[in-house]
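A note on names: the letters A, B, ... follow the listed sequences, proteins ahead of strands, and every chain is numbered from 1.
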Amino acid sequence: MASVQLHGLTKWYGKRLGVENVTLDIADKEFITIFGPAGAGKTTTLSLIAGIVAPNRGSVRIGGRDVDGLEPADRNVAMVFESYALYPQMTVFDNMAFPLRSPKHRKSPQDVEDRVKRCAKVMKIDHLLQRPIQALSNGQRQRTALGRALVRQPDVFLMDEPLSHLDAKLRHSMRAELKEMRSQLGTTTVYVTHDYLEAMSLGDRIAVINQGRIQQVGTPKEVYFMPASLEVAQLFGDPEINVIDAKVASKSGGRPELQILGENVPVGVPSDVVPLLNGAETVKIGLRPSDVDVVEINNKGNFHGLVYSFEPLGTKSVLTIESVDGTRIRALLDGHRVFDVDRRIQFKIDPNAILFFDSERGAFLAKSKLIREEAGDG
Amino acid sequence: MNESVSIFTLVGRVSKTVLLLVYALFALFPLLWMIIMSLKPDSQMFTTTFIFSPTMENYSAVFLRSDYPHFFLNNLLVSISAVLLSLIVGVPAAYALARFHFRLKEDIAFTILSFRFAPEILVILPLFLIYQRTGLYDTYFGLIWVYQLITLPLLIWILRGYFEDISPDIEAAAQLDGYSWWQVFLKVLLPLVKPGLVAASLLCFIFAWNAFTFPLLLSDARAQTSTVVALRFLASDTVHYGQVAAAATISALPEVILALLIQKHLVRGLSFGAVKG
C-alpha cells in the first residue's frame, strides 16, 4: 500500500520520444488508468515506475521513498504484462509460486502452496495448477499472469493492457471481475489501456496521455464532459465526437450566435459561455453523437441533411448525416428507429451540450454550466 | 471406394517403408563397412567381402601396441575444452547480440560468422608461423584456441536465435518478481535456451572432434589428436587398413554415444520454436 509520485519523467529511446515531462500524483489505494492511443507512452510510463527502463530526467517516488536507481526487484511492485510474460517452461503453479521463491520475497514451501492455491481459487484457475503454460487458452494465461502479480502483496500493481488480447465477450466479463476485485484488494493500481470504456469503468481517475505528454488528469466524468482539449474529446466516446468549424456572429445588443454547417439556423451561444470565448470569431465545437437528435417535425431551428450511412447496433444505432455544407455528422439514436440511405432528414442540436474549443490550438474554452455542475460532482 | 483408398494407403505405407529402408542402408553401410574392415586380418582385406575369419588383432594392435589411446584422450581433452571455452565466451556474446543495441552490432555478428567462411587451409600457413613463433605450436591450449574458429561462430549464431525468441518482458517480469539479473539469467533464461544450448554444444563437439587440418599442421607428437594419428597406420611401407578402420571405429564411438544420449534435445534444439509461449 503506497502512494506514487512521478515528477518530470522524460524518456527518449534514441531519437524517438517515449514520454516527456510526465508528472502524476497517485494517492494510496487509488486506481488510476492511463489512457491513450497506441504509441502514446503508456507502457513507457509503467516501465519507468517499475524500473525496467531508466528515465533521462525526472524521478519516481513510491510510498514516499525515492526509488530512482533501484532495481525492479527492490521496488516491491508487481506488473501484469500485455504479453503476459509467463515463464513457458513452468507450470501454472510454478509461475505463480515464482515470486514467492525469490530471494526478496521468500516464503516457506507450505506458505507458498497455501498462497498460490488461495490466489488460484480467486482467479478461478485452481483446476489448472499443474498444466504447462502452452496448454492454456489466452484467457487462462491472462488469469495466470494476474495471479502471479496478486500472489504477493506489492506496494503497487502495474497492469499493462491486461485485457487487450482477449476476445470481446471475455474482455467485458473480465472488466467486471477486475472492478469487483479492485474493491477487495485496495492496493494502489496503475492500469494502462487504449480502450476508453475500460479506462472509464475501472479508474478512480484517468490520466490521458498522447504523444508522450499527459493531456489531462481527472475523474471519468471530468475527462468525458470537460475534456482539456479537442484531442482528449476525440479519444473518448464511440462513435467519435463530431468536430464542426463554427463562426461566432455577434449581434449588436443580443447574444452571439453560431453559424455552422452552411445553414442560416440560429444556434445561440449559452449566456454563461459568452465571456469565456474572449470574443473569438471562429471556434471549433465538439458535439457528442448522443447530443444530436433527428426530428420528424418541421421547425425553424432544425438543420437539414441526407442520410449518408446507417448502422444498426441493437439497442443503439449510428446514423451518419451529410449536412448542407458536406460535413458529416454522426448521431447516436435509439435502436428501434430505421433510416434509409439518402433520405432527407432534419436534426436538432442542443446548445447546452456543445463543447467549445479554440479553433487553432484545440484547447478547451467553455461549456454551458448546466451540464458542468453535473460533471463537477464526479 | 473405401477399398481403393485403403489400397492407396497401403501402397503409401509400403513405399514409405521401402524408401526409409533404402535410406537407412545408404546411411549405415559405410559404418558397417568400417566395422567389417576393422575385424578383418590384413591378409583377407582384399580377398573377402562379408565372409572372413574375424579377428580382434587390429584392435589390440591399435590399443595395446601403439600410443593411439594417448591421442584419443588428447582429442577428448581438446574437443571438450574447446566446447567449454566456447560456452563460456559464446553464451554471453549470443545474449548481448540478441538483446542489446549497440553500434556495429550486425557487423560484429557477421564478422563472427565469417570465421567459418574461409577454408581452414587458407589461413593455416600464417597461423602455423604465428604458432611457431609464439610457442603455441603443439600445445593443448594452442589447439583449443584455434578450435574456437570452428566452434564459437556456430554456438553464437544458434544461441542468438534462441535468445531473440525470448521476450524481454519475461526478463522484466522475473526481475519484478524479486530476482537479480544474474538469477534471472540462470533460472529463467538458461532453461529456456537449454535445447539450443545442448544442440549447439553437441554440434560444436562433433566439429571439434572431427577437426583435421588444424591438428595436422599445428600440433605434433604431444598434442596431436586421434583424427590425424589414425592415418599413421598408412605408412609408406606398410598399409594397415584394418588398423585404420579399428582406430576410426573407436574414434566414432564418442560421437555416436553422445548423439544417442541427447537425440531428443538435438531434434528439438535444431527445429527451433521451442520457446514460443
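Contacts of residues 33-40 of chain A with chain B at a heavy-atom distance below 4.5 Å are absent; not one residue qualifies.
For A/L86, the part lying near chain B is the backbone, with the side chain staying farther off; criterion is any non-hydrogen pair under 4.5 Å. With a threshold of 4.5 angstrom between heavy atoms, A/A78 does not approach chain B through any atom at all. No part of B/E171 comes within reach of chain A, as not one of its non-hydrogen atoms sits under 4.5 angstrom from that chain. The contact between A/E71 and chain B is made entirely by side chain atoms (from C-beta outward), counting heavy-atom distances below 4.5 Å.
Ranked by heavy-atom pairs under 4.5 Å with chain B, the first of A/S83, A/G51, A/S47, A/G14 is A/S83.
Side-chain contact check for A/I52 versus B/P168: every heavy-atom pair is 4.5 Å or farther apart.
Counted within 6.0 Å of NZ on A/K121, heavy atoms from surrounding residues, nucleotides or ligands total 12 or fewer; the atom is thus considered open. More than 12 heavy atoms of other residues, nucleotides or ligands lie within 6.0 Å of CZ in B/R99, so this atom counts as buried by the packing criterion. Residue-environment remark: CZ (B/F26) stays at or below the threshold of 12 foreign heavy atoms within 6.0 Å. Other residues, nucleotides and ligands contribute over 12 non-hydrogen atoms within 6.0 Å of the NE2 atom of A/H127. Residue B/F117 qualifies as enclosed at atom CZ: its count of foreign heavy atoms under 6.0 Å is above 12. No more than 12 heavy-atom neighbours from other residues, nucleotides or ligands sit within 6.0 angstrom of CZ on B/F110.
Atoms CZ and CD, from A/R75 and B/Q175 in turn, are 11.0 Å apart once rounded to the nearest 0.5 Å.
The minimum heavy-atom distance between A/P88 and B/I170, with the atom names listed, is CD-CD1, 3.8 Å. Counting all heavy atoms, side chain and backbone alike, B/Y179 lies closest to A/A73 at O-CB, 3.7 Å. The two atoms that bring A/F98 and B/K187 nearest to each other are CZ-CB, 4.4 Å, heavy atoms only. Of all the heavy atoms in A/Q89 and B/V188, the pair that sits closest is NE2-O, 3.5 Å.
For B/D177, the salt bridge (Lys or Arg N to Asp or Glu O under 4.0 Å) partners are A/R148, not counting sequence neighbours. Partners of A/R152 by side chain to side chain donor-acceptor pair (under 3.5 Å), not counting sequence neighbours, listed by chain and number: A/N76, A/H105. Here A/P162 pairs with A/V80, A/Q142, A/M159, A/Y191 under the side-chain contact (heavy atoms from CB on, under 4.5 Å) rule; sequence neighbours left out.
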